[in-house]
Trainee: 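I'd like to ask you about the structure that follows.
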Amino acid sequence: MNDFFLIKYAPEIFQRTGEHLFLVMVSIGVATVVGIPLGILITRQDSLRQPILGIANILQTIPSLALFGLLIPVPYIGGIGATPAIVALTLYSLLPIIRNTYTGITGVDTAIVEAGKGMGMSDRQLLLQVEIPLAMSVILAGVRVAMVIAIGIATIAAAIGAGGLGVFIFRGIAVVNNNLLLAGAVPAAAIALCADLAIGWLEKRLQVPGQ
């Protein structure tokens, strides 16, 4: 190596990192806004549990590159660029968030729930004041998993012109240049590690003692 790759490509690494973070943060934000209510819904409507979790499971089994490609011809949310990438990353992020929301809420001690009912709390009050606070660390664990998955899959978004650190990886593969590959892979891994540690710390802070 004539130049350390992180220094050599520093300006573009900053640019591509910003693009990468934008894709991930927007998709995780949307997935959280959609996934948590769906997770809550299936705790109240058991008949919807299998269909919703089944669809989320199917979406996550579709190969990522294939899903990006399938979205290209779709009107409004398809095409080339950030929009189809965000849609795809959002779909991939739904399963862990929905599943952990469901698991966290249904895992709340029934004695606590019954005590709340005995105090005259409505279902809404139980949900907002008892179940969600007690399940928050489990819900955050789902967001944590979704975030790490999205950071990795977002590298493939470069294939449809969405930018991000995957640009270095695809360019490195094309010209067989390990420096370019590392310029994309190392920052992506660092982002995933930092996100995992940050959400893991928050998860522990919100964990109820004895859980």
Side-chain angles (χ1 to χ4, degrees), residues 20-64 67 71 77 85-154 189 191-211:
H20 205 90
L21 287 172
F22 172 77
L23 295 174
V24 171
M25 297 309 294
V26 172
S27 59
I28 290 296
V30 175
T32 300
V33 169
V34 174
I36 291 177
L38 284 175
I40 293 169
L41 176 64
I42 61 177
T43 66
R44 268 52 187 173
Q45 300 289 333
D46 193 60
S47 61
L48 296 176
R49 181 170 59 90
Q50 287 297 337
I52 289 175
L53 288 176
I55 292 169
N57 267 301
I58 290 168
L59 287 170
Q60 202 165 63
T61 60
I62 300 172
S64 50
L67 183 57
L71 286 172
I77 62 170
I86 289 170
V87 172
L89 291 171
T90 299
L91 294 176
Y92 273 115
S93 302
L94 285 174
L95 178 61
I97 295 174
I98 296 171
R99 186 172 54 201
N100 275 50
T101 300
Y102 174 80
T103 302
I105 292 176
T106 55
V108 173
D109 192 336
T110 53
I112 297 174
V113 176
E114 291 302 321
K117 289 178 179 177
M119 293 170 61
M121 297 179 75
S122 66
D123 186 63
R124 180 184 177 85
Q125 288 173 323
L126 276 171
L127 177 66
L128 297 178
Q129 297 176 30
V130 178
E131 292 174 314
I132 289 180
L134 290 175
M136 187 55 69
S137 64
V138 180
I139 295 170
L140 273 178
V143 175
R144 179 183 182 183
V145 171
M147 178 83 76
V148 173
I149 291 172
I151 290 168
I153 295 176
I191 293 170
L193 180 61
C194 290
D196 184 60
L197 291 173
I199 301 177
W201 174 83
L202 185 59
E203 183 188 327
K204 288 180 181 177
R205 294 277 295 179
L206 294 173
Q207 189 170 14
V208 176
Q211 276 193 327

Trainee: Give, for atom CG of Leu95 and atom CD1 of Ile55, the distance between the pair rounded to the nearest 0.5 Å.
Mentor: 12.0 Å
Trainee: Around atom CZ of Arg124, are there more than 12 heavy atoms from other residues, nucleotides or ligands closer than 6.0 Å?
Mentor: no
Trainee: Please report the interatomic distance OG(Ser122) to CD(Gln129), rounded to the nearest 0.5 Å.
Mentor: 8.0 Å
Trainee: Tell me the closest heavy-atom pair linking Leu126 and Val113, and the distance in Å.
Mentor: CD2-O, 3.8 Å
Trainee: Locate the shortest heavy-atom distance separating Ile42 from Arg49; write the atom from each residue and the value.
Mentor: CG2-CA, 3.7 Å
Trainee: Test Ile36 against every option in Leu41, Ile98, Thr101, Asn100 by the side-chain contact (heavy atoms from CB on, under 4.5 Å) rule and name the one that passes.
Mentor: Thr101
Trainee: Restricting to non-hydrogen atoms, name the atom on Ala195 and the atom on Met147 that form the minimum distance, rounded to 0.1 Å.
Mentor: CB-CG, 3.8 Å
Trainee: So how far is it from Ile132 CD1 to Ile139 CD1, rounded to the nearest 0.5 Å?
Mentor: 6.0 Å
Trainee: Within the 4.5 Å heavy-atom criterion, are Gln60 and Ile149 side-chain neighbours or not?
Mentor: yes
Trainee: How long is the gap from CD1 on Ile191 to CD1 on Ile151, to the nearest 0.5 Å?
Mentor: 6.5 Å
Trainee: Of all the heavy-atom pairs spanning Leu89 and Ile153, show the shortest one and how long it is.
Mentor: CD2-CG2, 3.7 Å
Trainee: Would Val130 and Lys117 count as a side-chain contact (heavy atoms from CB on, under 4.5 Å) if you check the C-alpha gap in whole Å, the side-chain angles of each, and the deciding distance to 0.1 Å?
Mentor: CA-CA 11 Å; Val130 178; Lys117 289 178 179 177; over 6 Å; no
Trainee: Roughly how far apart are Asp196 CG and Trp201 CH2, rounded to 0.5 Å?
Mentor: 14.5 Å
Trainee: How close do Val24 and Ala150 get, heavy atom to heavy atom, and via which atoms?
Mentor: CG2-O, 3.9 Å
Trainee: Apply the side-chain contact (heavy atoms from CB on, under 4.5 Å) test between Ser27 and each candidate in Thr90, Val87, Thr32; give the one that qualifies.
Mentor: Thr90
Trainee: Search all heavy atoms of Tyr102 against all heavy atoms of Asp46 and return the closest pair with its distance.
Mentor: OH-OD1, 4.3 Å
Trainee: Distance from Ile40 atom CD1 to Leu127 atom CG, nearest 0.5 Å?
Mentor: 5.0 Å
